[in-house]
Chemist: 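Quick one: structure below, then a few questions.
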Amino acid sequence: MPPLSRGFHGRRRTDVDPSRIPPGQYVTPGFPVLSAGPTPYAPLAKWTFTIRGAVDKPISWTWDEFRALPSETITVDIHCVTKWSKLDTSWTGVSLDTLLAAVQTSAEYVLAFSDGGYTTNLPLDDLRGGKAWVAFEYGGKPLEPEHGGPARLLVPHLYFWKSAKWIRGLELREYDESGFWERYGYHNYGDP
């Protein structure tokens, strides 16, 4: 494996509305691959998505049950803390509003957990109100494993490390607990 992931190149474009690009970011036409470890591969027959923790009753969906839920296609800009931005990305997934409607909770925080042991923390309010999805398609095609497939969290208003790859569930919490990168000093909230 090379010492740097592919996709690190680019300069700030002048043909883009600057209000779409956070300070210090550049637009990339590619989709850089950045991971904290090796890419896990989950057989769909064994894949589940679970909401647990501070809920009235934990709930899980198999891949087929998850795919049977209402989904939507959205177009959003994404921003990585490594300074790249990708504009007008198209994703298809299940809204967190749909998934969270299946549980009752008084929790204020979420710890998203993924295959490979990755976690990231978010305020629950950042996943509600049409602000987050569990995406299974990118650009009209199944999400590739290197980009988080079969499914990844998509929280486009925050830096992309908050959009956990290989998502397997959410643990709802009464208190905030730092996730993987946050324990290494990344900003707790991740607002670009």
Side-chain angles (χ1 to χ4, degrees), residues 5 7-8 10 12 16-28 30-37 49 51 53 71-100 105 107-139 143 146-149 151-192:
S5 298
F8 282 97
R12 195 160 179 91
V16 175
D17 176 358
S19 69
R20 294 177 70 184
I21 312 300
Q25 299 282 116
Y26 68 88
V27 176
T28 182
F31 195 163
V33 176
L34 305 164
S35 301
F49 184 85
I51 300 177
S71 62
E72 50 193 79
T73 299
I74 48 151
T75 300
V76 295
D77 298 341
I78 55 176
H79 310 286
C80 182
V81 72
T82 60
K83 298 189 178 185
W84 61 263
S85 292
K86 187 163 180 60
L87 307 181
D88 301 317
T89 62
S90 176
W91 304 83
T92 301
V94 177
S95 170
L96 262 290
D97 293 318
T98 299
L99 297 166
L100 290 167
T105 185
E108 294 184 29
Y109 299 96
V110 171
L111 190 67
F113 58 92
S114 301
D115 283 333
Y118 183 81
T119 59
T120 192
N121 58 312
L122 303 115
L124 184 55
D125 284 346
D126 280 288
L127 301 181
R128 291 180 164 156
K131 293 186 268 184
W133 298 262
V134 175
F136 52 83
E137 287 184 1
Y138 171 74
L143 187 59
E146 67 181 0
H147 292 301
R152 82 175 294 152
L153 187 60
L154 178 64
V155 189
H157 68 281
L158 298 177
Y159 271 127
F160 215 42
W161 90 81
K162 293 293 189 175
S163 294
K165 293 180 177 182
W166 315 298
I167 189 80
R168 293 306 289 271
L170 304 175
E171 185 167 318
L172 278 57
R173 297 171 165 256
E174 300 291 339
Y175 58 91
D176 196 13
E177 178 182 322
S178 296
F180 178 86
W181 285 118
E182 296 81 10
R183 286 191 303 266
Y184 285 100
Y186 278 47
H187 191 271
N188 199 49
Y189 186 61
D191 183 356

Chemist: Rounded to the nearest 0.5 Å, what separates atom NE2 in H187 from atom CH2 in W161?
Modeler: 7.5 Å
Chemist: From K162 NZ over to L127 CG, what is the distance, rounded to the nearest 0.5 angstrom?
Modeler: 10.0 Å
Chemist: Stepwise, does the side chain to side chain contact (heavy atoms under 4.5 Å, CB included) test hold for I51 with T105?
Modeler: CA-CA 11 Å; I51 300 177; T105 185; over 6 Å; no
Chemist: Applying side chain to side chain contact (heavy atoms under 4.5 Å, CB included) to L172 and L100, what does each step give before you reach the verdict?
Modeler: CA-CA 10 Å; L172 278 57; L100 290 167; 4.2 Å; yes
Chemist: Hey, could you give me the CG/CH2 distance between L153 and W133, rounded to the nearest 0.5 Å?
Modeler: 10.5 Å
Chemist: How about R128 and D97: do any of their side-chain heavy atoms sit closer than 4.5 Å?
Modeler: yes
Chemist: Heavy atoms, side chains only, cut-off 4.5 Å: are F136 and L143 in contact?
Modeler: no
Chemist: Heavy-atom distance under 4.5 Å between the side chains of Y118 and F113, does that happen here?
Modeler: no
Chemist: Given 3.5 Å as the limit, does a donor-acceptor pair link the side chain of S85 with the main chain of H79, or not?
Modeler: no
Chemist: Kindly compute the distance separating CD (E182) from CD (E177), expressed to the nearest 0.5 Å.
Modeler: 10.5 Å
Chemist: Answer yes or no: is there a side-chain heavy-atom contact under 4.5 Å between V33 and K165?
Modeler: yes
Chemist: Locate the shortest heavy-atom distance separating S71 from T92; write the atom from each residue and the value.
Modeler: OG-CG2, 4.1 Å
Chemist: Side-chain contact, heavy-atom cut-off 4.5 Å: I21 with D77?
Modeler: no
Chemist: Under 3.5 Å, is there a donor-acceptor pair between the side chain of T119 and the main chain of F180?
Modeler: yes
Chemist: Calculate, to the nearest 0.5 Å, the distance between atoms CZ and CH2 belonging to R152 and W91 respectively.
Modeler: 5.0 Å
Chemist: For S95 and E72, work out which heavy atoms get closest and say how close.
Modeler: CB-OE1, 3.9 Å
Chemist: Nearest 0.5 Å, what's the CZ-CG distance between R183 and N121?
Modeler: 9.0 Å
Chemist: Distance-only, no hydrogens or angles: does the K86 side chain make a donor-acceptor pair with backbone N or O of C80 under 3.5 Å?
Modeler: no
Chemist: Name the orientation class of the two ring planes belonging to F160 and F31 (parallel below 30°, tilted from 30 to 60°, perpendicular beyond 60°).
Modeler: tilted
Chemist: Can you name the nearest heavy-atom pair linking P23 to P192, along with the distance?
Modeler: CD-O, 4.4 Å
Chemist: Are side-chain heavy atoms of L96 and V155 found at a separation under 4.5 Å?
Modeler: no
Chemist: Is any side-chain heavy atom of L99 closer than 4.5 Å to one of L170?
Modeler: no
